[in-house]
Structures are given as C-alpha cells and as structure tokens.
Amino acid sequence: MTAPEKPTLMVIDGHSLAYRAFFALPVDSFVTNDGQHTNGIHGFISMLVLLLQNEQPTHLAVAFDISRHSFRTREYADYKSTRDVTPPEFKGQVPLLQDALRAMGIPTLTKEDYEADDILATLARKGREEGFNVLLVSGDRDTIQLVNDEVTLLYPSTQGVSQLKRYTPDAVVERYAVRPEQYPDVAALVGEKSDNLPGIPKVGEKTAAKWLAKWGSLQGILDHQDEITGKVGESFREHQQEAVRNRKLNRLVDDIDLPVEPGDLARGPMNTTAIREVFTRLQFRTLQERILALAESNGAETSAPPQAAAPVRAELLDEELERWLETAVAASPEGLALTVRTLEGIVTEVGISGPDEATFLTWIPGRADYAPFESWLASGAPKIMFDAKAQLKALLRAGLAVGGAIVDGQIASWLARPQNPPKRLAEFVQQQLDEALPEGDPNELVPPEDAVSFAASDAWFVRRATLEALARLDPGSRGVFDDIEAPLLTVLARMELDGVAVDRSFLQALIDEQRAKVEGLRTAALEAAGVESVNLGSPKQLQEVLFDRLGMPKTRKTKTGYSTDADALAELERSNPHPFLGALRLYRDTTKLLQIEETLMRAIIVGEAPGSDRIHTTYVQVGSASGRLSSNDPNLQNIPIRSSEGRRVRQAFTHGGEFETLLTADYSQIEMRIMAHLSGDEQLIAAFNAGEDLHRFVGARVFHVDPADVTPEMRSKVKAMSYGLAYGLSAFGLSKQLQIEVAEAKGLMEDYFTRFGKVRDYLRGVVEQATENGYTETIFGRRRPFPDLKSTNRLARENAQRAALNSPIQGSAADIIKRAMIAIDTRVRAAGLSSRMLLQVHDELVFEVAFGETEVLEALVRTEMSGAAELAMPLDVQVGIGPNWDAAAH
DNA sequence: GCGGACGACCC
DNA sequence: GCGGGTCGTCCGCT
C-alpha cells in the first residue's frame, strides 16, 4: 500500500480462487439444509472479506471464465485437456457465488472466448496506464507475467486460500530467479502439467533461469541453442517447438474488448437486503454479519484482523495462580477451558482459559506450585475441552483427580452434525467462530522469549468455540449432551485405561495353529485351480482364475470387475461346483482368523506380573452418525462369534488374576423392542410381553399357525424379515437372503404388514417426517439430519430414506445402553465395588467381576440395564458368567 | 507413502 | 439392491 493518494484497483480471478477454496475446505462441512455444497463460496467470500479489510481497494471486480473453451483450446486441442472433470459438488457454486457478489455490489466480468486471466491482463494494463495501483488475485501462475512496479499479484499459498503470497517484482525474482516478464519463458520451458503443456524434458526451473539470465528470453535461447552442450542441449533442440507453442499459449492477452473501464469499477454501496437474502440461502451466518458490518462502515472499515491471537498470560504459580483461577472461575460459571498437551500419553503442558485471558503450566510431575491447579481440576467446576478423552486419560494416568463435568466441544459439534464431527481443533474453531486457529509450525525455530504457549492459546479458542457450539444446540440435543454424552466420556476413559485381560499364550497357540494351516490351504487351492501361482488375497487375480481360467459364469458386478465375495462364491458353488471354490473359502476363513489373532497379539500391552497382559481399545464417541460408539486400535466390537473357530478367539479374552470371573450382559432384541415401542403396534408389543420366542410368535401370526407348529424354516424367514425391516429391506433383498423368489418374499412382507400394520405406518411416518423436518430424532432427543431425503438423485435419496428409517431405532438403542453404562458406573462406585465395566459392543456389556461380587453385580447390572428406558414392554437382559468372553456368553 | 476398492468381521 | 461400524490387503498413483 504505497502512495495513499493513488486509487487501488483489485481484480480477482473468481474461478481459480473458488476452485482452490473448494479443495482447501472439507466439502461435507459446508452443506445447506437442502444439500447445496457451499465450501468454495465460503472460502472465497472469507478471503474476499480479508482482502477488503487489509488492502482497502477503491475499485474492484471479479473475473470468471465462461467455459473451458477459449481461443487457446482451438489453437491447441489438448490445452487443459487432462484436467479432471469438475467435481459435481463444485458445480452450481459459481452461479451462487456470482449472486453473492452481485448482492455485495461487486461487478463480475466474463468474456466469450477468453479466460479470466486475460481480463486480469487487460485491466492491469489499463489500470496502470490510468494511474492505479493494481492488485491482482489469482491462483494461476501465468499471471506472474503481469507483475511490475504498479501491479502486484496476490497468489494463494499451498497452506490455504486465506494465506496469500504477495508477488512484487522483487518477490518474483527471489522465488523464480527471473524477472516477471521472463516468467512465461520459464513456464514454457519447464511446461505446465495442470494445463497439459509438456515442457522440455530435463529442463527444470533452475536450468530455465540459468539460460534466461544468460540470453534474456526464450527467443535469445533459440538464437543461441547451438551453444548449449550436453544432453540438455540435445533435449532442447529436439523439443524446442513445444516451448514455442507453450509460450504462445501462456501469453496473456491484454487488449481484449471489455464493456467497462477501470474507472467504472469504483466500489459502490452494498445491497444489504440482497446480502441478507443470498447469505441466508447459503446459511452463512457469521459471514453475513461480517459482510453487513463491512457494508455499514462503508468501505472505511478498520475492523480487527480476523486471526486474532489469544490473550495469553505468562506462566503463573502458587498464590498468583490461585488468584487467577479464583477470578476466572468467578467470572465463568459455564467453566474454564482446559487443554492437555502430551507426549506419548504423558502430560507435558496444560493450558487454561477463562473469559478474558488464558494461561499455561509447563508440567513437571510432583511440583508443589501447581497445587491451585490441581484443586481446581479436582473440584466440581466444569472443564471445557476438545476431544477430551485422550487428555483426560493422561491426567488420570498422572494420578490427578478430575472432578466436574467434561464439556467436550467436539461432542457438541457432533451432536449437531453427526455425519462429520470436526477432527482437529482448527476445524472446530473455523466452523464455530469462523476464525483461523493460530498454529505453530513444527519446523520453525522460535526464540524462547517469542514462543507462544499453544496450550494456552488453544484453550482460549476451545472455550469460545465450545460455548458457541453449545448455544447452537437445540434443547433435545442439549439434553443428550448433558445427560448422556458428557457423563459417558469419563466412564469410557476409565474403561479404556483398564483394558481387558488376554491370555497371551492361548492366543499364541491359536496363531501357531492357524499359521501351520494356512500354507497347506494355499497349496491345496492353487492345485485345485491348476495354477502355478496366484495371490489368493487379490480379488483382481482371483477374477482371472475364476472367470478366465476356470470359465465360471460372471457374478455380481463391482466397480472394477466381478465380485469374488463369499456370497458370490457360494452362488458359484451351487451352479458350478469346483474344488477350488471350497479350498478358497477355507483359505479365506483361516487367513481372516489368523489376521485377527495377529492384530490382537500386536495390541497387547504386556504386564509385569503373569496374567496381567491387557488390551486397551479406544472408543470413539463421535464415531458414528447414529449415536453408537465405535472402537478402534484394536476394534473390540468385531471379535468373531458366529463360527466355532471364531469363538476360540473370544476364549482368549479373560479376567485378571485379582478378579473372579467375567460377566456379560446383553439386551435381547433391543432394536425390535424399540421398533415395537415406537410404532405402538399392539401385536408386536403383545409378542414381547408374552415373553415367548419372538420369532416363533411372529411366525405364528404371519403363517396363520399355532406357535407350536412354526417350523424352523418359518422361524428363520420371519427372523430375517423382522431384522431387515428396520434396515429398509426390499423384497429383492429378502428374496436373496432367504434364497426364495422375489414374489414369495413380497408376499411374505405383505403378510407381515397385514399382521403388524402399525409397523409399516410407523416406518413410513419416520421417512415422511424426516423429509419434512430435515432430521430424525431418537426417544431421548438425539437428532440426525438427512439433507439427501430431498436429493434429486434417486439413489442418494433412497439411501437416505433407508438410513432415516433405521436411525431412530439404532440411535435409541445407543441412547439406552449409554444411559445404562452411566447408571451402572455410578452405582458400582457408590456401592464401593471393585468390579468394573470393560467393554461395550452395542447391545452388550462385559464386566470383570471381583471376588465375591458376582451376585450383587449381576443384580445391579440387570436393574440398571432394564431400567435405562421405559418402553411399552420390558427390556429383557441376558446375563452370562464364565472365565472367558466365550464361556460367559449364554 | 497414500488412498480407493474390496472383502470380512461385528451388532 | 439392508442400517451402523473397523481393518487388512492389494494395487495404482504420486
């Protein structure tokens, strides 16, 4: 910003910057209720606001390409031809962006047959001639050629669109070692991959710059080409035509006919009504406020830069720390924020933030001057955190007591948008506050006196963003947050820290046995196929064997070929029996088991005492859109159970030496009960209340026979259907699963619904209401949005309908077991029991029972699980006891 | 080294 | 062509 008396003309390449923003921001985080993606628009407007504030242009325009075709594609058909097709999520964002710009009073320019950069070139020349300072904003390197003393280029860095690199002539020389007007020669020599313009092989930026320093221009190099020695010289002489062609194409046209002159682009007033209208449609709340503030200050804005640093105090100790905490707590009944930085699970630093400022403590275990912090930590004051569980575990491992509610912003955000919770704090801060989180560059060396405490800075942002997220929650979700998710977090941390005991030598024996088996199965399969070598783990190679070599009929299509999955192989076995099929199935079963066993073995944390080896899973509280938990590292929610071989893996899960036994407790048919409850179907409710075998009872109604006369075949059909219903099962799906004709499956479903009419009404109603509201809701008020119910894409819409149908059922089941877990944990602790809850597998809980506590624990678990919800029928709980997970099943 | 596709395990 | 997950392997890509 030189010579303030000179007016500043800013010209932006709209398409290239919106496209960059599109890739810089997560596409799924910016979707309106009706399914319109807006990340490119959001990124562009945010950047624009920044530019207006920082650069204060007096004149402004945004240029767009009209299409992919221009005089350049006519000249060279392959120009830009390798570019991927525009992602569908981006399409449609450009017209909306143009609407937004129009509302803001910013002219948009296009020119048939030319690219946006040519418009930039033309306005840059005219602007310069007419005495403007010119600022160009573009993500296309070709615009570097336009830079001169009056024309500066702002170019998005790789870090993101909001970080713009300022190219003055000096900056160009520094970066590329050539003057701006020489840059197109560099590009012509090196080539531009994204434009599908190959350059001269073996010539990179360095070589190009060297030649240009010597001979001044591409023409100069052409004139002196015989002086270039070596392979590079040969390469140049052979490919010089490419460079000449590239140079022709990358020359920007600076004299195209435009309907406006720079002087016409003076910034006019914003249309606040139009802004409200457009930004409301885009659902940009915060951005709208910022734009309106800009409009009000009428171009003379001096607002604070959006990346405000956190107010951080130096480290405080003893009385100072005590006073600081007292003041902060008094000023903040909603709680202080806490961040815990760790190295391999050990606390290294903590940050704390109140409403006015943040501070930090460098953590060295056992220091007395932290006492005020420790007593705040142990107190009942709420702790506001982000992705708290791992941090909480580090504190507990350090032997610290943590009291009060953990208010986790990540969970709050997940409850509002359960499809994609923010993974990183920066994402959360951007989402809630529309601010950039200050982050440290790990490669940057900062002198200690300038070092910022990111623990403190993060805490400052965690607090503000979390309070914002909470304020935005609807009352139902807020209830789920306060009553279910927040108390559960601590329970899960405890379960993860405890882990589950594993019999390592037993597991090793299984591994040894399976390893010995696998080799033999592999050779047997190869022999059966009559091939020398094939990777049985490669679906691609398997397809060659099955369909080419063995000439089997083609199976179900997949994206890349034909299916070789277990169902497809079973189908082949029926139509084309062949020894290879059976051999392959055995090989797959065995290697799968072996793989599971090896994964578990690797996950064992070996204890000091014999029998104290344990596996610690991690539960992801924001891991599913339905409200369920997920488990990983390792996943203990998918341990085999169906086959007898698989159950042997379960036998490896046992109890520690100081415990008496394992106890498992699971809800029987909880989802069916919820469906009965939610639908209010008297028949189904009666079936549960009768307490007899559900599928037999339902089978009797559907097939019009006595319960005693329901055959196993009838029962399994009914069972498949009952479960399938809650998943949006089609007649086709049912026919496939039961190996019956579609017509029969259809008839079966009709009979079912004749008997249990309210179930059908209910399922229909869920989809209808979800379409109307935009979301579904569980019994306890957990919501899940379904924008795709209004999608014009049939497949997307039908997928959404099935998911919507299922989500109140699956989600309510998740709510119920979570409530039970909290209640059990509370009562176990109140009773002073030493037994503990270790695992959760969606409808099942696994406990390690201390000596002599079996009876009391069983009673407690039964009571709390059954009592976790009041449904129209009892929640039946089955309990089993045994020395290992398999034996404890019932 | 990364990520999509596939297949397999669970509720 | 049935909802919700995790994970290992293969394989093509950068």
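We name chains A, B, ... by the order of the sequence lines, and we start the count at 1 in each one.
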In a check of side chain to side chain donor-acceptor pair (under 3.5 Å) between [X] and each of [options], which one passes?
X: A:Gln621; options: A:Glu485, A:Gln410, A:Lys818; answer: A:Glu485
X: A:Ser631; options: A:Asn638, A:Thr618, A:Thr617; answer: A:Thr617
X: A:Thr564; options: A:Arg588, A:Gln541, A:Lys540; answer: A:Arg588

Using the side-chain heavy atoms of [X], tell me which of these nucleotides is nearest: [options].
X: A:Asn635; options: C:dT6, B:dC9, B:dC11; value: C:dT6
X: A:Val841; options: C:dG12, B:dC11, B:dG7; value: B:dC11
X: A:Ser538; options: B:dC11, C:dC11, C:dC7; value: C:dC11
X: A:Asn535; options: C:dG3, C:dC2, C:dC11; value: C:dC11
X: A:Arg802; options: C:dC11, B:dC10, C:dG3; value: C:dG3
X: A:Ser630; options: B:dC10, C:dC11, C:dT6; value: C:dT6
X: A:Asp589; options: C:dG3, C:dC2, B:dC9; value: B:dC9
X: A:Tyr727; options: C:dG3, B:dA8, B:dC10; value: C:dG3
X: A:Arg602; options: C:dG4, C:dG8, C:dT6; value: C:dG8

Discussion item. Taking any heavy-atom pair under 4.0 Å as a contact, classify A:Arg642: base, sugar-phosphate, or nothing.
Written reply: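 Base, at least one base atom sits under 4.0 Å.
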Practice prompt. Have a look at A:Lys736 and say if it touches a base, only the backbone sugar-phosphate, or nothing, with a 4.0 Å heavy-atom cut-off.
Written response: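 Nothing, no nucleic acid heavy atom in range.
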Worksheet item: When the distance from CD1 of A:Ile809 to P of C:dC2 is rounded to whole Å, what number comes out?
Response: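 Computing the A:Ile809:CD1 to C:dC2:P distance gives 16 Å.
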Worksheet item: For A:Leu584 and B:dG7, what is the distance between atoms CG and P respectively, to the nearest whole Å?
Response: 11 Å
Item to complete: Could you tell me whether the phosphate oxygens of C:dG5, OP1 or OP2, come under 4.0 Å of any side-chain nitrogen or oxygen in A:Ser631?
Response: no
Worksheet entry | Counter-base of C:dG1, judged by Watson-Crick or G-U geometry with both distances under 3.5 Å | none
Worksheet item: Can you tell me if A:Asp565 and A:Ser563 form a side-chain donor-acceptor pair at under 3.5 Å?
Response: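 There is such a pair (donor and acceptor under 3.5 Å, judged by atom type) between the side chains of A:Asp565 and A:Ser563.
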